[in-house]
Participant: 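The structure follows.
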Amino acid sequence: GEHRAEQMWDELDDPIWRATRRAKELIKQALVAKHCYIRGQQYAIVEGRVVIVDEYTGRFLPDRSWEHGLHQSVEAKEGLDVTADRETLARLSFQRFFRMYPFLCGMTGTAADATREMERVYDRAVMEIPTNRPVIRKQWPARVFRSAEAKWEAVAASIADLHAKGRPVLVGTRSIAASEHLSELLNERGLEHQVLNANFDKDEAELIARAGAGGADAAITVATNMAGRGTDIKLDEAAHAAGGLHVVLTEMHSAKRIDRQFIGRAGRQGDPGSAQTFVSLDDEIVRQHAPALAATVAARPGGEERSGALALRVFEIAQRRAQARDRRNRASVMRQDDWIDKYLPGG
C-alpha cells in the first residue's frame with residue numbers, strides 16, 4: 001500500500017503530496033472514512049450535512065465534527081460539499097471538567113459497574129441505594145445465532161409472538177441502520193410499530209407515552225439507546241395483566257452498563273416486565289474483540305442457533321475486552337490531564 005501510494009505521489013502535481021507524513025495521514029483518514037465509518041451507525045446525513053451519532057445515547061451531535069480531516073473525508077465519500085476543517089484551540093476532557101467542581105456527586109442506576117474507576121478518578125465513593133419498590137423483572141435466557149440474518153428473523157418472530165399475547169415490546173438496536181432494518185422485517189409481517197431513533201427525536205415524548213400500551217393494540221417500539229432515557233414507560237391495565245413491558249436487546253454494547261440501562265426500561269417502579277438478549281456471531285463486538293473465538297463457535301456443527309455456555313462466553317469475553325480498552329483510553333486521557341495540570345502554566 002505504501003509503495004503504491006508513493007507511485008501515485010510521483011504522478012500528482014499538488015504540493016501537499018510532497019509532504020510524505022501528511023500524505024500518509026490523508027490516505028489513512030480516507031480509508032477509515034470509507035471502511036470504518038458507516039452511515040446509519042457512526043453518522044447520518046441530515047439536510048445535506050454529515051451529523052455524528054452518539055453511540056451511547058443514539059442522539060445526534062450536530063455541533064461536533066471529527067478532527068484532522070476525517071469529517072471532510074466522510075463528506076467526500078458521501079458526495080457532499082466538503083466543509084473547512086476546524087482548528088482545535090483548546091481541549092478539556094470530561095474527567096478534568098468534572099474535577100474542577102468544588103463539590104461533586106451524581107446518581108445513576110449503573111454506577112456499581114464502574115465503582116473502582118469512580119473512586120480512582122473522582123475520589124468519590126459509590127453507594128448502592130435500594131430501589132423504591134422491589135424489581136420483579138424477569139431475565140429470559142440469551143439467544144445466540146451464527147448469522148445476523150438468523151438473529152433478526154428470530155427477533156421479528158419473538159416480537160410477533162409477544163404482540164399476539166398483548167404485551168408491549170421495546171426493541172433496542174445499536175444503530176439507526178439496524179432499527180430501520182428491523183422495521184422493514186416487521187412491515188413484512190404486517191406488524192404495526194413505531195421507530196424511535198435520532199431521525200425522529202422530535203417525536204420521542206409522544207412515542208414513549210404510547211410505548212406501554214398493551215392488549216389488542218399492544219405497542220411495538222423499535223429504538224436506539226435514546227428511547228426513554230431517564231423516564232418511566234407507563235403501563236396501562238392491559239399491559240399489566242399481560243405481563244408488563246418486554247425489552248429485546250438485539251446487540252451487546254461495548255460497556256455492560258449500557259446494556260443494563262436499556263434492559264432497565266422494563267420493570268420500573270415495581271412493574272412486571274421481562275427482558276431478553278439476541279446476539280449473533282456476526283455482531284461488531286465479537287468481530288472486533290473475539291474473532292477467533294467467534295469463528296470456533298460458528299464452525300461447530302448444528303443449526304443457526306448456537307446453544308451452550310461457550311457461545312455466551314464469547315460475548316462475555318468480547319465485552320470485557322471492550323470495557324478494558326475503553327478504561328485504558330480514559331486512563332490515558334486522565335494522565336495527559338494530570339501532566340498538563342502539573343507542568344503547564346496555569347494548570
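Heavy-atom basis, side chains included; hydrogens, waters and symmetry copies ignored.
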Participant: Using a 6.0 Å cut-off, check whether atom CZ of Arg320 has over 12 heavy atoms from anything other than its own residue.
Facilitator: yes
Participant: Looking at Glu11, I'd like to know if its CD atom is crowded, meaning that more than 12 non-hydrogen atoms belonging to other residues, nucleotides or ligands lie closer than 6.0 Å.
Facilitator: yes
Participant: Determine the interplanar angle of the Tyr101 and Phe97 rings, folded into 0 to 90°, and report it as parallel if under 30°, tilted if 30 to 60°, perpendicular if over 60°.
Facilitator: perpendicular
Participant: So that I can tick it off, tell me whether Glu25 and Arg22 are bridged by a salt bridge, with the cut-off set at under 4.0 angstrom between side-chain N and carboxylate O.
Facilitator: yes
Participant: Give the intermediate values and the outcome of salt bridge (charged side-chain N to carboxylate O under 4.0 Å, His left out) for residues Glu117 and Arg327.
Facilitator: CA-CA 8 Å; Glu117 190 170 1; Arg327 280 196 300 270; 5.4 Å; no
Participant: With clusters defined by side-chain heavy atoms of hydrophobic residues (ILVMFWY) lying less than 4.5 Å apart, directly or transitively, does Val279 cluster with Phe145?
Facilitator: no
Participant: Using a cut-off of 6.0 Å, state whether more than 12 heavy atoms not belonging to Asp81 lie near its atom CG.
Facilitator: no
Participant: When you look at Tyr43 and Ile176, which way does the side chain to side chain contact (heavy atoms under 4.5 Å, CB included) test go after all the steps?
Facilitator: CA-CA 9 Å; Tyr43 68 93; Ile176 295 173; over 6 Å; no
Participant: Would you say that Ser254 contacts Gln288 through its side chain, given a criterion of any heavy-atom pair below 4.5 Å between the two side chains?
Facilitator: no
Participant: Strictly below 4.0 Å, N to O, side chains only: are Lys151 and Asp283 in salt-bridge contact?
Facilitator: yes
Participant: Any chance you could measure Met252, atom CE, to Arg174, atom CZ, to the nearest 0.5 Å?
Facilitator: 10.5 Å
Participant: Sub-3.5 Å donor-acceptor pair from the side chain of His163 to the main-chain atoms of Ala218, do we have one?
Facilitator: yes
Participant: With distance as the sole criterion, is a donor-acceptor pair present between the side chains of Ser158 and Arg143 under 3.5 Å?
Facilitator: no
Participant: Check the surroundings of atom CD in Glu192: do more than 12 heavy atoms from other residues, nucleotides or ligands lie under 6.0 Å from it?
Facilitator: no
Participant: Quick one: does His289's side chain get under 4.5 Å of Arg325's, heavy atoms only?
Facilitator: yes
Participant: Same cluster for Trp140 and Val135 if Ile/Leu/Val/Met/Phe/Trp/Tyr side chains link at under 4.5 Å?
Facilitator: no
Participant: I want to check something: taking the side chain as every heavy atom from C-beta on, are Ser183 and His193 in contact at a cut-off of under 4.5 Å?
Facilitator: yes
Participant: Should Ile45 and Val50 count as side-chain neighbours, where that means a heavy-atom distance under 4.5 Å?
Facilitator: yes
Participant: Taking Gln323 for the side chain and Lys256 for the main chain, is one N or O donor matched with an acceptor at less than 3.5 Å?
Facilitator: yes
Participant: Mark yes when over 12 heavy atoms from residues, nucleotides or ligands other than Glu128 sit less than 6.0 Å from its CD; otherwise mark no.
Facilitator: no
Participant: With a 6.0 Å cut-off (strictly less than), is the heavy-atom count around CG of Asp217, excluding the residue itself, greater than 12?
Facilitator: no
Participant: Using 30° and 60° as the class limits, which term best fits the ring planes of His71 and Trp66: parallel, tilted or perpendicular?
Facilitator: tilted
Participant: Are Leu310 and Leu293 grouped together when hydrophobic residues (ILVMFWY) are joined by side-chain heavy atoms under 4.5 angstrom apart?
Facilitator: yes
Participant: With a 4.5 Å heavy-atom cut-off, do Gln139 and Ile263 have their side chains touching?
Facilitator: yes
Participant: Measure the shortest side-chain to side-chain distance between Ile208 and Leu196 over non-hydrogen atoms and say whether it is less than 4.5 angstrom.
Facilitator: yes
Participant: Check step by step if side chain to side chain donor-acceptor pair (under 3.5 Å) holds for Thr108 and Arg257.
Facilitator: CA-CA 10 Å; Thr108 173; Arg257 59 187 179 83; over 6 Å; no
Participant: Give a yes or no on whether Arg189 atom CZ has more than 12 heavy-atom contacts from other residues, nucleotides or ligands under 6.0 Å away.
Facilitator: yes
Participant: Indicate if Leu80 and Tyr37 have the same hydrophobic cluster label, given that clusters are the connected sets of ILVMFWY residues with side-chain heavy-atom separations under 4.5 angstrom.
Facilitator: yes
Participant: Is there a side-chain contact between Phe262 and Val248, using heavy atoms and a 4.5 Å cut-off?
Facilitator: no
Participant: Between Glu316 and Arg313 (salt bridge meaning N to carboxylate O under 4.0 Å), is one present in this structure?
Facilitator: yes
Participant: Within the side chain of Asn132, is there an N or O that forms a donor-acceptor pair under 3.5 Å with the backbone of Gln269?
Facilitator: no
Participant: For residues Glu251 and Thr173, determine if any side-chain heavy atom of one lies less than 4.5 Å from a side-chain heavy atom of the other.
Facilitator: no
Participant: Treat each ILVMFWY residue as a node, draw an edge where side-chain heavy atoms are under 4.5 Å apart, and state whether Leu162 and Leu186 are in one component.
Facilitator: yes
